[in-house]
2 protein chains.
Amino acid sequence: MKENGKVTIYDISKKLNISAATVSRALNNNPKISIKTRELVFAAAKEMNYKQNRLAQALKSGKSKNVGVIVPYINRNFFSSIIRGIEEELGPHGYHVIICQTHEQMETEIEQINTLLNTQVDGIFMSISKSTNNTEHFKKVLKEGKCLVFFDRKMDVPGVSSVVIDDFKAGYMATSHLISQGCRRIAHFAGDLNLEIYKNRHEGYLSALKEHGFKPNPDYVFRTLSSIESGAAAARKMWELKEKPDGVFSASDYTALGAIQELRKMGVRIPEDFCISGFSNEPFTKYMEMPISSVDQTPLRMGKIAAQVFLEQVDSTEKLTIEKKVVLSPELMVRNSSDRSLLKVAGE
Amino acid sequence: MKENGKVTIYDISKKLNISAATVSRALNNNPKISIKTRELVFAAAKEMNYKQNRLAQALKSGKSKNVGVIVPYINRNFFSSIIRGIEEELGPHGYHVIICQTHEQMETEIEQINTLLNTQVDGIFMSISKSTNNTEHFKKVLKEGKCLVFFDRKMDVPGVSSVVIDDFKAGYMATSHLISQGCRRIAHFAGDLNLEIYKNRHEGYLSALKEHGFKPNPDYVFRTLSSIESGAAAARKMWELKEKPDGVFSASDYTALGAIQELRKMGVRIPEDFCISGFSNEPFTKYMEMPISSVDQTPLRMGKIAAQVFLEQVDSTEKLTIEKKVVLSPELMVRNSSDRSLLKVAGE
DNA sequence: TTGTACGCGTTATCAG
DNA sequence: CTGATAACGCGTACAA
């Protein structure tokens, strides 16, 4: 055994007095090799503690068996769950997952894409940053012949596949649910309406209102950030209205939480006086004493499906650029913050 | 521009009628190259949209500029925060982070290590799985001359650095805090005492009791899992005791949460009748209507420091195998579930 | 200051 | 079935 643990097929070939090419073939189970030689090689390989050098393999084949995943922040539950899905789907196929963060900055997003391409990844998965307003860097990925898959936050780029949830439907579902609970003046905490996902949630909200015969009231739509403070502020503004809402569909769980805290301070009873549904199914929503209804985006499934789309693409017969758009259905988790069905029974 | 975007230093050298070596040197800012040539090369490189192939570089240099991070599950807040810390510290140094999951299985842990070594990573960061009871695979990493750094869950292996928090101190702090709040019969939800971290928390708990003149009561120590159900079960068992505890230091936030829910059902007032502190500072603990006290393990910092340890190691003058043990101090986050200081004031 | 030649570890092609 | 040779893209002694 050599010092630094770097055993190559050459070392094996010398020991066995055969050529390195033969060793390589034996190791790769090439059919045109004698069983005897193969066994000899495997035995020697094991004995010498040989390991394939995937770097050399990659350089030769042009396939690194690495993929990059770019997200705003990896320690957000939603993103880390997606990454988990990708890893679990791709791992068994021999891929490694390289992670990158953008911190919501387009410049770093561009930089991350560049370094990933330098590293010769076989594909890139990503959720675009909030500040991204340009698609040049995405096109570059395609130009290099690499596969690109968007998840959740996407832009329309020809040739790029995407996996998202149906945000329109999610908004529609949540709002309809509130209506079914007896809410009549439903507000909306909208998030950044420049982002496709928030726009779609908003439209789903409007659609549900109209379909049930309610006239949307622009005063009921609040621009919010995804934070507790923003939710509290929105709640206060909401309560200054002449005709106070009796429910809200919030495009963020954090905003929903802030609103709940604020409304409680003001003595509003939930869900009796006011129903609320959040978005993302953040872990905390189900742990509260008053669990918060929320829309689950099934991130694990999202990651797995994104990975499957990638696999189809790379396995497919070469240059045929497929573009696949997968739209997943969200799941509404109804919890106490919007569930009036058990109110009368609860006589504790 | 070539078809597949694969521009090499050869393409540049041809275009400029110089040798590839000169191009390489110019690109690497080798001092012994004329400024004029350098500028010519840079201009051509930019124009031809040249990108360094890090794979080839890595094969040549023996340094891939990739590190692997192995954790049980990446979508646990604690782990994803550590990974974030590692990425943010290492990214600026040109490293990429490859993530792997063990699902708490030693066999997959071994496999992940092997494939990471095959990929020629420059180092491996990891938190060992619960079922790991053997150090052979760790030694193998060292034998290959790669740097290994444990974080949080570690084993003692000569030559391996580690970054952990002081679990003993954490247990001591939390327990002392409960005592300071007037608790006299303090229980402990212990987790898996075979794991070093839980053992240390338990010992910190015992130490605090003794130091304050309390005699530890074995009946007050409960073996628990890190789950809500386990916490509820422990609470019930606890309440069957003749002398009921009046506080608990839980080694897990989930267990603490389960206990709180169960105790409330039984009409126990928190923190008046019973104080509780959890562990990990999971996001949900601070969002509850009754925020839960918890020990913050400062995972972001932990990741950054682990990365720094790695950098010191690889930058150091070669084979000198350094072994660095960093022990971080935990931070106790005191919240309502164990804070009696404001009880009399609260007259709302 | 620049060019030549070689090697990193592997696989594919072409002979034999 | 097996061996020699080239090539993937880059960096670097050595020579000029």
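Proteins get letters first, then strands, A, B, ... in listed order; numbering begins at 1 in each.
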Using the ring pair (Phe, Tyr, Trp, His ring centres under 6.0 Å) rule, collect all pairs that involve residues 22-43 of chain B, keeping only residues at least two apart or in two chains. none

Please, which pairs that meet salt bridge (Lys or Arg N to Asp or Glu O under 4.0 Å) have at least one residue in residues 14-40 of chain B, sequence neighbours excluded? Lys15(B)-Glu47(B)

Donor on one side chain, acceptor on other, Lys6(B) and Asn53(B), under 3.5 Å: no

Within residues 126-163 of chain B or reaching into it, pairs that qualify as ring pair (Phe, Tyr, Trp, His ring centres under 6.0 Å) - sequence neighbours excluded: Phe138(B)-Phe150(B)

Does Thr115(A) have any side-chain contact (heavy atoms from CB on, under 4.5 Å) partners at least two apart in sequence or in another chain, and if so, which? Gln112(A), His96(B)

Scan for ring pair (Phe, Tyr, Trp, His ring centres under 6.0 Å) pairs involving residues 46-77 of chain A, sequence neighbours excluded, and state none if there are none. Tyr73(A)-His103(A)

Have a look at the helix from dT1(C)-dA16(D) to dG16(C)-dC1(D) and give the angle its two end axes make, five pairs each, rounded to 10 degrees. 40°

With Phe310(B) via ring pair (Phe, Tyr, Trp, His ring centres under 6.0 Å) - residues at least two apart: Tyr95(B), Phe125(B)

For every nucleotide of nucleotides 4-13 of chain D, 5' to 3': is a protein heavy atom under 4.0 Å from its base (B), only from its sugar-phosphate (S), or from neither (-)? B--BBBBBBB

Would you list the pairs meeting salt bridge (Lys or Arg N to Asp or Glu O under 4.0 Å) in which at least one residue belongs to residues 67-81 of chain A, sequence neighbours left out? Arg76(A)-Glu104(A)

What residue pairs, at least two apart or across chains, pass salt bridge (Lys or Arg N to Asp or Glu O under 4.0 Å) with a residue in residues 109-131 of chain A? none

Which two nucleotides bound the region of DNA chain C that has atoms under 4.0 Å from heavy atoms of chain A, read 5' to 3'? dG9(C) to dT13(C)

Run the salt bridge (Lys or Arg N to Asp or Glu O under 4.0 Å) test against Glu89(B) and tell me which residues pass, sequence neighbours left out. none

